[in-house]
Student: 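I'd like to ask some things about the structure below.
For clarity, every value in this text was computed on a predicted model and none was experimentally measured.
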Amino acid sequence: MISRAWWKPGFWTAMGLLFTSAVSAWAQPATDLATLNAGVKSAQSAGDNAWMLTSAALVLMMTGPGLALFYGGLVRKKNILATMMQSFIMMALITVLWAVVGYSLAFGEGSAFIGNLRYMFLNGVDTAPNADYAATIPQLTFMVYQLMFAIITPALITGAFAERMKFSAMLLFMTLWSLFIYFPMAHMVWGKGGLLNAFLGGKIPCFDFAGGTVVHITSGVSALVCALYLGKRVGFPSGMKPHNMVLSFIGACMLWVGWFGFNAGSALGASGLASSAFVATHFAAAAAAISWVFAEWIKLGKPSILGGISGCVAGLVAITPASGFVEPMPALLIGLAAGVFCFYMVTAVKAKFGYDDSLDAFGVHGAGGTLGALLTGIFATNVVNNSLKDAAGNVARLGWMDGNFRQLLNQAIGCAIAWGLAIIGTLIILKICDLLIGLRVTVDEENEGLDLVLHGEEGYIME
């Protein structure tokens with residue numbers, strides 16, 4: 001049929017149109033490719049932003065209701081509202097502090113130890129990305145995500161002085177603690193040019209993916225200092241049993257779920273690295289819950305709910321600095337080690353020295369965070385995280401598993417700096433607060449209960 005129709009005018013018209021279309025397509029491939037690339041980047045930005053906003057919400061959920069319920073159920077019923085209020089008020093207080101100056105001190109380009117005031121009052125923080133930290137999401141998203149870490153960190157400390165600190169003293173202490181301990185530590189580890197920042201010019205490259213040093217060591221060690229400075233609760237250790245394990249169980253499960261935003265969100269995008277951190281987080285929590293329960297079963301004869309939920313939190317704490325650097329099987333090992341180690345810290349060590357860390361903030365967060373930070377130096381591998389390059393532009397060796405034995409020393413230095421800052425800074429801040437307004441409620445007030453004394457309310461009204 002074609003051989004008979006080639007001479008007809010319609011045939012040549014069709015051929016002309018086909019030729020014109022082909023030339024046009026060939027002449028504008030660059031424009032089409034640019035449009036395609038723009039669309040891909042837009043889709044990536046939208047996906048990353050959606051994940052990061054979700055992660056921010058998950059981390060906020062860790063403080064309220066997660067930590068509020070977890071801590072609230074572990075105290076006596078006369079102190080449940082006062083304990084939950086301590087977590088809740090951090091969501092408000094730290095947000096205001098972060099907006100005014102905190103974000104700038106943590107992520108502004110200053111010295112190796114503290115940021116500058118470039119972003120004070122969130123000046124210049126808008127929907128444009130800050131490529132130094134997260135190139136595919138608005139800086140506003142990055143800012144609010146990091147805010148959630150700043151909120152939960154001081155809230156963790158409240159577990160050490162539960163049932164005996166004045167509300168006014170707690171507010172002053174947390175304000176000063178955030179200004180002089182958390183913000184500088186966050187800058188040193190995560191801020192551009194920070195002393196310990198392995199990816200943005202730090203002189204001592206310390207790996208801390210989601211807050212082993214910044215969050216858990218600083219809060220846990222500060223918690224121990226608080227417990228020692230304030231002294232024991234009236235009547236300690238008798239009569240200090242948790243009043244509602246159901247609340248604590250629910251809170252712990254919320255912490256487990258929220259921790260995916262904490263760790264996987266620290267990939268700062270919906271990437272394969274986020275998936276790796278997600279898996280490592282879950283595996284470590286599960287392994288630690290099992291190892292704590294079995295350690296308790298062997299020593300005390302019965303596996304308890306309190307042991308199970310404490311174990312899962314210990315595993316989550318320990319995997320936090322390592323979550324973006326380790327494979328699933330090392331994550332399991334970190335979890336197993338954390339469960340046994342933290343069980344030992346909150347039973348044998350606490351009993352031997354007799355300090356009243358009310359809700360084991362040091363035994364879980366301080367000890368678990370230190371263990372996790374050190375193990376990161378052993379198990380970190382560029383198979384999981386290949387974003388760090390050496391001087392020649394090649395993928396750098398990360399931890400001991402990659403042949404970089406020196407990283408364990410860097411991790412130890414990072415831990416030592418976090419410990420030192422927390423101990424010295426917390427002691428000074430406690431002394432200031434004690435001199436200005438006093439730290440503890442009176443013996444009579446403590447016996448009556450902080451719910452009524454500090455807030456004029458009761459958690460349980462049985463009528």
Student: Kindly assign one of parallel, tilted or perpendicular to the pair Tyr145 and Phe149, based on the angle between their ring planes and the thresholds 30° and 60°.
Tutor: perpendicular
Student: Do Val384 and Val326 have side-chain heavy atoms sitting under 4.5 Å apart?
Tutor: no
Student: Of all the heavy-atom pairs spanning Pro184 and Leu179, show the shortest one and how long it is.
Tutor: CD-O, 3.4 Å
Student: Identify the two heavy atoms, one from Ala252 and one from Ile309, that lie closest to each other, and give their separation to 0.1 Å.
Tutor: CB-CB, 3.5 Å
Student: Step by step, would you call Met91 with Ile151 a side chain to side chain contact (heavy atoms under 4.5 Å, CB included)?
Tutor: CA-CA 6 Å; Met91 297 165 67; Ile151 287 172; 3.9 Å; yes
Student: Is any side-chain heavy atom of His455 closer than 4.5 Å to a side-chain heavy atom of Phe167?
Tutor: yes
Student: Do Asp126 and Pro138 have side chains that approach each other closer than 4.5 Å (heavy atoms only, starting at C-beta)?
Tutor: no
Student: Ring-plane angle category for His216 and Phe262, please: parallel below 30°, perpendicular beyond 60°, tilted otherwise.
Tutor: tilted
Student: Considering all heavy atoms of both residues, which atom of Leu176 and which atom of Cys433 are nearest to each other, and what is their separation?
Tutor: CD1-SG, 4.3 Å
Student: Let's go through Tyr103 and Met120 carefully: what are the C-alpha distance in whole Å and the side-chain angles of both, what is the deciding distance for side chain to side chain contact (heavy atoms under 4.5 Å, CB included) to 0.1 Å, and is it a yes or a no?
Tutor: CA-CA 8 Å; Tyr103 177 68; Met120 192 172 181; over 6 Å; no
Student: Is it true that atom CZ of Phe236 has more than 12 heavy atoms of other residues, nucleotides or ligands lying nearer than 6.0 Å?
Tutor: yes
Student: Is the shortest distance from a Lys or Arg side-chain nitrogen in Arg440 or Glu446 to a carboxylate oxygen in the other one below 4.0 Å?
Tutor: yes
Student: For Leu408 versus Leu374, what's the shortest heavy-atom pair and its separation?
Tutor: CD1-O, 3.2 Å
Student: Roughly how far, to the nearest 0.5 Å, is the CG atom of Leu93 from the OG atom of Ser178?
Tutor: 7.0 Å
Student: Considering only heavy atoms from C-beta outward, does the side chain of Met345 approach that of Phe341 to under 4.5 Å?
Tutor: yes
Student: Where does the angle between the aromatic ring planes of Phe278 and Phe260 fall among parallel (under 30°), tilted (30 to 60°) and perpendicular (over 60°)?
Tutor: parallel
Student: Would you mind checking if Lys350 and Asp357 are paired as a salt bridge, meaning a charged N to carboxylate O distance below 4.0 Å?
Tutor: no
Student: Just so I know, are the side chains of Pro242 and Val75 near enough to count as touching, which here means a heavy-atom distance under 4.5 Å?
Tutor: no
Student: In plain terms, say whether Glu163 and Arg76 are close enough for a salt bridge, that is, a side-chain N and a carboxylate O under 4.0 Å apart.
Tutor: yes
Student: Given the side-chain rings of Phe209 and Phe325, with only the six-membered ring counted for Trp, is the space between their centroids under 6.0 Å?
Tutor: yes
Student: Measuring from Trp177:CH2 to Thr175:OG1, what's the distance to the nearest 0.5 Å?
Tutor: 12.0 Å
Student: Not counting sequence neighbours, which residues clear side-chain hydrogen bond (donor to acceptor under 3.5 Å, both in side chains) with Ser271? List them please.
Tutor: none
Student: Does the side chain to side chain contact (heavy atoms under 4.5 Å, CB included) test come out yes or no for Ile181 and Ile429, once each step is laid out?
Tutor: CA-CA 10 Å; Ile181 297 179; Ile429 293 169; 4.1 Å; yes
